[in-house]
Structure formats: C-alpha cells, structure tokens
Amino acid sequence: MHIYPDAKAVVRDLAPDEPVILNRPHAARRAARFFTEKFPGKVMYAVKANPAPDLIQVLWEAGVTHYDVASIAEVRLVREALPEADLCFMHPIKTRKTIAEAYFKHGVKTFSLDTHEELAKIVEACSDPETGAPAQDLRLCVRLRVSSEHAQLSLAAKFGCDLTEAPALLQEARQHCDWLGVCFHVGSQAMTPFAFVQAMDRTRAAIAEASVVIDMIDVGGGFPSVYPGMEPPPLEDYFAIIARHFESLPIAYNAELWCEPGRALCAEYSSMIVQVTKRRGEELYINDGAYGALYDAAHVDWRFPVRALEDDLRDPEMDFAFYGPTCDDADYMQGPFPLPGDIKAGDYIEIGMLGAYGAAMKTGFNGFGDAECVVVADEPMMSLFIGERKVVQSDNVVSLR
Ligand SMILES: *Cc1c(COP(=O)(O)O)cnc(C)c1O
C-alpha cells in the first residue's frame, strides 16, 4: 500500500477534484495502546464512531478485543473483519430478528436493555427455537440513564432507565443470566472527569437498592478528544477517578470494569483534504459539508482544526465560515476556521480530527459523497497522546499548554 508523507504530497500527486480522506493507522494504534495499557479494565470500541474495516483491524492488533455494535449491519461487518472478536450489542432497542441473528449466527452473548419489554424480547429471541429452552449463556447489561451535563453532545434523553425503575429491572434481569452488568453513557466529549463521578454515584444507588450481584460495570464512552477551543484534562485523570469509584461499589469481588470509547480511540485517525470552489468575502465554498464528513461542523457548530495546503499564501490568518457543496442553505459551517487571508478558489485545505463521527458520516446527498481514502504518515493536527499534548505542526489551530 502506498503511504504518502502528508496532505501536501497527496495534493501534488492527485490534484483531487473530490475530497480525500487521509487515514493515520499509527495514530489509532497509539490511542488504542494508550487505552489498553492505562484504562484499569477492559476496553470496548464503539463501532459507530467509525466502522472502517481498516481501522477496526488496527484496533484489534493493538489489543482491543471487544466491540460495541448497535445494528445488525455493524454485527455482520465486525464479525466479517474480526472472526475472534467479542461483540456486545449495546443498543437498548433491537428487533427480535436482529437479536436472534446476532446470538445464533454471530455468537453475540452480551446485550444491553433498559426496559422489561426488551428483556423479555432478548430472552425469547435467544431461546432454543425447537425446545423453547432458555439460553444459558446470556450476558445482560442494564442501561442506566445518567446526566449529560458535562458533555458536549447529550446522550441522556433517549436511552436508559431511571433510578426508580432500575432496581426492579436489575432483579428481573438477574433471573435470566449468570452475568449481569450495569452500563451508562455520560454523553460524548465529556469535558471533565466529574461526569463519571455522578454516573457512578447513580450506579451505586441502583445496585444498593436492587441488592443483586453485579458482575460488570461499563462506564460507556464519552472520553474526549481535543479540538480547537476544547482542551480536556488528561485522560489519566478520568481513568483514576473511575478506578477509585469502581473500587468502592457494592459489587462482586471479581466484577469487571469496562469502558466503551468511540471518539477517543479514533478522532485522530482521519483528516480530510477539501478544495475551495469559490470565495465570497469571509465565506469559503468547499467540496464537503453538512451531509459529508463535516456533519458536526454544520449541525452542532463543532470546530475542527484547519490548515491551508498552499505554499504561496502570505497574508495573516482571518476567520472564515464554510459552505458545503450541496444546493442547500443548511450546508453551512460557521466555524470560525482561521486560514490565510489570501486563500482563494482552487486552493486546498486540510481539516483535522475527523476520524470520529466525521469520515463515518458521509452521505451521497445531492451527488456529493465520493472520497478517496489514502494513508499518510505524518502526525494528526492535534493529539491527546503525543508529548505534552502540544499541537503538532500547525499554526492554524489554537496552541495548547
Ligand atoms: C456512541 C456510543 C459510544 C461511544 O461514545 P463516544 O462519546 O464516542 O466515546 C459508546 N457507547 C454507546 C452505547 C454509544 O451509543
């Protein structure tokens, strides 16, 4: 496989008309090793953040053995890529057919749930189709609703049972499995480790009230990456607080601790080259946007690091907004994205930190969606895992520390 040194080399070689996704396997490997070495428990990758088979392979080789899948397509995809991986179905709402295919065909034993109805569905779908005998090897995980107040993106409204419902559901689930866990999600890009303290306190209350043996605590995802204007404390601080609170939970002496990161494992994996197709004052029209890898830039005003790839731009930086390629006013990203003041149509830009919920979000809406993927060897534009967490090789992003 050809490996380019960096984005400029890709532009020189391809002069691409369409966006190009630049993948950095070494960055994903570094993130995975960081988690598998430093998190005081098991690390499960949340596949929805980026389901690229190449990435999944890199994570597996770096020691990530468990995969959080949320749809039958994710189950099939990861099973195909990793025949040996442990797949856990962590979406609390599934169809009967999906559960049965996951269990009987793909060896999925671990399922999350947040209602009695879902529990009954899982038990029925996994029982022997001939004899009706219940499955003996189910591993169930009750999803608790916890606050998302410390996260940039909430996951609090949709899933999870309340503290009032949790004890009865835990007791009922305990009747159907030999291995029972509690899971939650504090919201994506949690900017302080304190987010996990509140969630662990709720977990403690639910378990104490239920008085059942708990074999596993899954603290979910939410571990942050780094973006302009969003510089989180070190991940070690999150791990230390989680470990401390885990130690004091009323659970089985051999209970396992799991985490389920998406973003933190893959944000640094990808960036993207886009081309300016038109300039109108402080607005740049580019060839990717709200329906492409820049979904979050448009829909939740996420700021990604940017840099111009031309060598002949001389003017000081100014703040730009972007328009994406589709014929739709909503295809707009307010940024601000700081770039040289003399940037113009035809110039190329690299947009960083798109490995999580970026490259994976591309659609073909309006005929814009094609993107070649290439591998590059340079470092991501920002990193949580390099040195003292300094911004790497870019003068277009705010510098950290
Ligand atoms: C999205 C999701 C994750 C990953 O969240 P990040 O914020 O990307 O770490 C983990 N678990 C579940 C159940 C999810 O829905």
Side-chain angles (χ1 to χ4, degrees), residues 44-51 66-79 85-127 129 134-135 137-148 151 153-177 179-188 199 202-203 206 210 214 216-222 258-263 295 299 357 360-361:
M44 172 157 76
Y45 173 56
V47 172
K48 81 166 183 289
N50 188 334
H66 286 52
Y67 293 79
D68 156 16
V69 285
S71 59
I72 196 63
E74 286 185 356
V75 171
R76 293 173 188 153
L77 178 110
V78 182
R79 184 48 83 222
D86 206 319
L87 308 190
C88 302
F89 214 125
M90 302 308 283
H91 192 311
I93 309 170
K94 303 162 281 296
T95 69
R96 228 170 233 94
K97 272 191 195 165
T98 288
I99 297 166
E101 180 182 331
Y103 179 79
F104 287 107
K105 189 158 173 212
H106 304 288
V108 179
K109 309 289 181 211
T110 309
F111 295 89
S112 86
L113 58 111
D114 61 2
T115 60
H116 291 276
E117 293 73 29
E118 185 74 10
L119 173 59
K121 203 197 295 173
I122 294 169
V123 168
E124 194 217 301
C126 299
S127 55
D137 53 359
L138 281 180
R139 295 157 70 101
L140 300 177
C141 202
V142 171
R143 169 97 173 243
L144 265 189
R145 187 205 311 276
V146 300
S147 162
S148 269
L153 294 171
S154 174
L155 276 82
K158 197 167 178 180
F159 300 139
C161 63
D162 286 325
L163 260 188
T164 50
E165 309 154 342
L169 189 53
L170 283 166
Q171 288 162 354
E172 170 83 15
R174 184 80 260 185
Q175 321 266 312
H176 297 281
C177 64
W179 188 96
L180 178 62
V182 174
C183 59
F184 54 77
H185 196 300
V186 299
S188 203
R202 275 193 157 221
T203 304
I214 296 296
M216 187 276 273
I217 302 289
D218 173 1
V219 299
W258 292 18
C259 69
E260 207 175 306
R263 179 186 303 282
Y295 181 95
H299 296 278
Y357 311 112
M361 308 289 275

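Other residues, nucleotides and ligands contribute at most 12 non-hydrogen atoms within 6.0 Å of the OH atom of Tyr295.
Applying the side chain to side chain donor-acceptor pair (under 3.5 Å) test to Arg143 and every residue at least two apart in sequence or in another chain returns nothing. Remark: Tyr357 pairs with no residue by the ring-ring contact (aromatic ring centres under 6.0 Å, His included) rule, at least two apart or across chains. Residues forming a side chain to side chain donor-acceptor pair (under 3.5 Å) with Ser188 (at least two apart in sequence, or on another chain): Arg263. Checked against ring-ring contact (aromatic ring centres under 6.0 Å, His included), Tyr103 has no partners two or more places apart in sequence or in another chain. Residues passing the salt bridge (charged side-chain N to carboxylate O under 4.0 Å, His left out) test with Arg139, sequence neighbours excluded: none. In this structure Trp258 satisfies the side chain to side chain donor-acceptor pair (under 3.5 Å) test together with Glu256, sequence neighbours excluded.
No option in Cys126, Cys177, Cys88 other than Cys126 meets the side-chain contact (heavy atoms from CB on, under 4.5 Å) test with Phe111.
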Kindly determine whether Leu170 and Ile214 satisfy side chain to side chain contact (heavy atoms under 4.5 Å, CB included), including the steps that lead there. CA-CA 9 Å; Leu170 283 166; Ile214 296 296; 4.0 Å; yes
Please report the C-alpha distance between Thr115 and Lys121 in whole Å, then the side-chain angles of each, then the deciding distance to 0.1 Å, and finally whether the side chain to side chain contact (heavy atoms under 4.5 Å, CB included) criterion is met. CA-CA 10 Å; Thr115 60; Lys121 203 197 295 173; over 6 Å; no
Run Leu144 and Val142 through side chain to side chain contact (heavy atoms under 4.5 Å, CB included) and show every step you take. CA-CA 6 Å; Leu144 265 189; Val142 171; 5.6 Å; no
Evaluate Val75 against Glu101 for side chain to side chain contact (heavy atoms under 4.5 Å, CB included), listing each step before the verdict. CA-CA 9 Å; Val75 171; Glu101 180 182 331; 6.0 Å; no
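Considering every non-hydrogen atom in both Pro167 and Ala206, the closest pair reads CG-O, 4.2 Å. When all heavy atoms of Leu155 and Gly187 are compared, the closest pair comes out as CD1-CA, 3.7 Å. Across all their heavy atoms, Cys161 and Leu169 have their closest contact at SG-CD2, 4.1 Å. In terms of heavy atoms, Tyr45 sits closest to Asn50 at OH-O, 2.7 Å. For the residue pair Ala173 and Leu140, the shortest heavy atom distance occurs at O-CD1, 4.0 Å. Contact record, Met216 with Cys141: CE-SG, 3.7 Å, taken as the closest heavy-atom pair.
Here the CG atom belonging to Leu180 is positioned 5.0 Å from the CZ atom belonging to Arg174, to the nearest 0.5 angstrom. To the nearest 0.5 Å, atoms CG (Asp114) and SG (Cys183) are separated by 8.5 Å. Atom CD1 of residue Ile99 and atom CZ of residue Phe104 lie 11.0 Å apart, to the nearest 0.5 angstrom. With rounding to the nearest 0.5 Å, the separation of CH2 in Trp179 from CG in Leu138 is 11.5 Å. Annotation: the span from Glu260 atom CD to Met90 atom CE amounts to 4.5 Å, rounded to 0.5 Å. Note that CD1 of Ile122 and OG1 of Thr110 are 10.5 Å apart. Values are rounded to the nearest 0.5 Å.
No side-chain heavy atom of Val69 sits under 4.5 Å from any side-chain heavy atom of Arg79. The closest side-chain heavy-atom distance from Glu74 to His91 is not below 4.5 Å.
A salt bridge links Glu124 with Arg96: the distance from a Lys NZ or Arg NE/NH1/NH2 to an Asp or Glu carboxylate oxygen falls below 4.0 Å.
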